[in-house]
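Order of listing sets the numbers, starting from 1, for every ligand and every atom in it.
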Amino acid sequence: MKTQILSQGDTLAAAKILKAGGVVAIPTETVYGLAANAFDDAAVKKIFIAKGRPSDNPLIVHISKVDEIRDLVQDFTAEAQKLADTFWPGPLTIILKKSDAISKIVSGGLDSVAVRLPGHPVARKVIRETGFPLVAPSANTSGSPSPTSAAHVIADLDGKIDAIVDAGSCKVGIESTVVSLCEYVPKILRPGAVTFEQLNRVLGNVKIDDAVLNPLGEGVRPISPGTKYRHYAPKTKVIILKGDRDAYVDYINNIRSVKNVAALCYDEDIPYLKVPAISYGRESDPNLQAEKLFNALREIDKIENVDTVYARCPAQSGIGLAVYNRLLRAAGFNVVEI
Ligand code: AMP
Ligand code: MG
């Protein structure tokens, strides 16, 4: 199939393809999503095939107005309304018990559904013009770093999807925060730009799921099926080094046994490193780190003759927790204290 590249003014063309059961990559403020009509199982299945996504990994349903959630869930609870009032439109996904309008294909066999009202005006316009909620997982091949530009989508999915709406690069750069309201206390299943601290202020008692910072134990079934799969990983092996700049620079510059090494570091580290280095932002700016991380992970694979990249460990508060979570998964939880 030939993948059409549409401009951000061409949302009507995107909506037409979606209404006819096609799949279109659309920009959101987090990452590019691969969209299909959430009420059309045949269209939804095309997403799993294009991405190579395991069928038990559920999809997030995107809406263009808060009220549209009412048809998708059994009960739009008071807690959920508070979250929607505070954080929508924006990078927060809320999980509630699903209604019968949501098929098991969308929910990956679960009895819950994940819903988000995106902040990106082009995403909302496409949803509105299509006239249906849209499922839209990240528009990458399953397992590879999520796409923050149309070029990333093309690199993974050219020829496998009907179209891409190109609206430049994504401002947030990492996927939405996912919070489940189906647990005993609200639980963050995936950290994102809406932080633990912000959610706690609105809901009071919020927990962070163990799978956010730890590998799954043997035989443990995760609440979020996505957490059991390899994620965000470049082909190059990633190892996280936890320590300050001096320790980091020293460690890398003195590696002798491994020759083909690169660094995934902060802007300020670059002048001190003797190996090829890609920055994922300034040390003092976790928002910039989030924005740049996935592109940096993709750039690493373009450096010739590098088999291992040593990543500077980000701080873990605010949006930094989300940056750390993505890097941990890219590294397969391989962290060295230095
Ligand atoms: P993606 O759309 O690729 O950003 O991934 C969506 C993430 O949300 C995956 O990790 C899913 O496993 C998770 N997710 C979606 N729906 C649910 C649900 N109903 N219950 C738990 N996790 C979910
Ligand atoms: Mg994804």
Side-chain angles (χ1 to χ4, degrees), residues 23 25-36 38 44 47-48 50-63 69 72-74 80 91-99 101-118 120 123 133-148 152-153 156-157 161 170 172-183 186-194 207-212 216 220-233 290 293-294 297-298 322 325-326 328-330:
V23 292
I26 59 168
T28 84
E29 74 278 26
T30 58
V31 302
Y32 274 75
L34 183 56
V44 174
I47 288 182
F48 286 93
K51 284 180 56 75
R53 185 173 175 107
S55 61
D56 69 345
N57 195 0
L59 306 177
I60 297 173
V61 181
H62 294 71
I63 55 179
I69 191 176
L72 311 178
V73 301
Q74 278 176 23
L92 178 71
T93 295
I94 303 173
I95 296 180
L96 289 164
K97 287 267 173 280
K98 76 174 192 70
S99 73
I102 298 295
S103 79
K104 293 267 180 180
I105 311 277
V106 168
S107 75
L110 301 175
D111 58 6
S112 57
V113 63
V115 184
R116 181 163 99 86
L117 173 54
H120 201 300
L134 297 175
V135 288
S138 51
N140 54 326
T141 301
S142 256
S144 78
S146 296
T148 56
H152 296 163
V153 180
D156 280 15
L157 299 178
I161 62 177
C170 304
V172 175
I174 49 175
E175 306 85 343
S176 58
T177 305
V178 176
V179 65
S180 175
L181 299 180
C182 297
E183 300 292 304
K187 204 171 216 188
I188 296 175
L189 305 185
R190 178 173 73 184
V194 172
K207 295 252 181 307
I208 298 177
D209 190 45
D210 278 347
V212 167
L216 267 190
V220 176
R221 214 166 114 207
I223 305 174
S224 173
T227 55
K228 70 175 179 261
Y229 297 109
R230 189 180 138 92
H231 252 102
Y232 317 125
L293 180 69
F294 285 135
L297 286 170
R298 283 176 181 262
N325 164 266
R326 304 311 191 272
L328 264 180
R329 295 187 159 275

Quiz item: Under a 4.0 Å heavy-atom limit, does Lys98 contact ligand 1 with its side chain, its backbone, both, or neither?
Solution: neither

Quiz item: Taking atom CD1 of Ile95 and atom CG of Leu189, what is their separation to the nearest 0.5 Å?
Solution: 5.0 Å

Self-check item: Protein N, O or S atoms lying under 2.8 Å from the Mg ion (ligand 2), listed by chain and number
Solution: Ser138 OG

Practice problem: Could you establish whether Arg53 and ligand 1 come within less than 4.0 Å of each other, counting only heavy atoms on the residue side? | Solution: yes

Quiz item: Where's the contact between Val31 and ligand 1, heavy-atom distance under 4.0 Å: side chain, backbone, both or neither?
Solution: neither

Quiz item: Can you list the steps and then say if Ile69 with Leu96 is a side-chain contact (heavy atoms from CB on, under 4.5 Å)?
Solution: CA-CA 10 Å; Ile69 191 176; Leu96 289 164; 4.1 Å; yes

Practice problem: Could you verify whether a donor N or O on one side chain and an acceptor N or O on the other, from Arg116 and Thr28, lie under 3.5 Å apart? | Solution: yes

Self-check item: Short N-O contact, Arg298 and Asp156, less than 4.0 angstrom
Solution: yes

Quiz prompt | Euclidean distance, Arg53 CZ relative to Leu34 CG, rounded to 0.5 Å | solution = 10.0 Å

Exercise. Kindly identify the option in Gly108, Ser180, Ser224 whose heavy atom sits closest to atom 10 (O) of ligand 1.
Key: Ser224

Self-check item: Ligand-residue contact atoms, ligand 1 with Leu189, heavy atoms, under 4.0 Å
Solution: 21 (C), 22 (N)

Practice problem: Decide yes or no for Val178 and Leu92: does some side-chain heavy atom of the first lie under 4.5 Å from some side-chain heavy atom of the second? | Solution: no

Practice problem: State whether Glu183 and Lys207 are salt-bridged, where the test is any N-O pair (Lys NZ or Arg NE/NH1/NH2 against Asp/Glu carboxylate O) under 4.0 Å. | Solution: no

Exercise. Determine, considering heavy atoms only, which of Arg190, Glu175, Lys51, Lys187 sits nearest to atom 7 (C) of ligand 1.
Key: Arg190

Quiz prompt | Heavy atom of the protein closest to atom 18 (C) of ligand 1 (residue, atom name, distance) | solution = Ile95 CD1, 3.6 Å

Quiz item: Could you give the distance from OG1 (Thr227) to CZ (Arg221), rounded to the nearest 0.5 Å?
Solution: 11.5 Å

Self-check item: For Leu110, atoms of ligand 1 separated by under 4.0 Å from a heavy atom
Solution: 18 (C), 19 (N), 20 (N)

Quiz item: In terms of atom number and element, which parts of ligand 1 are under 4.0 angstrom from non-hydrogen atoms of Asn57?
Solution: 9 (C), 11 (C), 12 (O)

Quiz item: What atoms in ligand 1 come closer than 4.0 Å to a heavy atom of Ser112?
Solution: 18 (C), 19 (N), 20 (N)

Quiz prompt | Modelled atom types, side-chain donor and acceptor of Thr93 and Ser176, under 3.5 Å | solution = yes

Quiz prompt | Heteroatom proximity flag, Thr227 to ligand 1, N/O under 3.5 Å | solution = no

Quiz item: Between the side chains of Ser138 and Glu175, is a donor N or O closer than 3.5 angstrom to an acceptor N or O?
Solution: no

Quiz item: Roughly how far, to the nearest 0.5 Å, is the NZ atom of Lys98 from the SG atom of Cys182?
Solution: 12.0 Å

Exercise. Flag the pair Asn325 / Ile174 as yes when at least one side-chain heavy-atom distance between them is below 4.5 Å, and no otherwise.
Key: no

Exercise. Take every heavy atom of Pro225, measure it against each atom of ligand 1, and state whether any distance is under 4.0 Å.
Key: yes

Practice problem: May I ask you to identify the nearest protein heavy atom to atom 2 (O) of ligand 1, giving residue, atom name and distance to one decimal place in Å? | Solution: Pro137 CA, 3.1 Å

Quiz item: Between CG of Leu297 and OH of Tyr232, what distance do you get to the nearest 0.5 Å?
Solution: 11.0 Å

Practice problem: Give the contacting part of Ile223 toward ligand 1: side chain, backbone, both or neither, where contact means a heavy-atom distance below 4.0 Å. | Solution: backbone

Quiz item: Tell me, which protein residue and heavy-atom name are nearest atom 14 (N) of ligand 1, and how many Å apart are they?
Solution: Pro58 CG, 3.7 Å

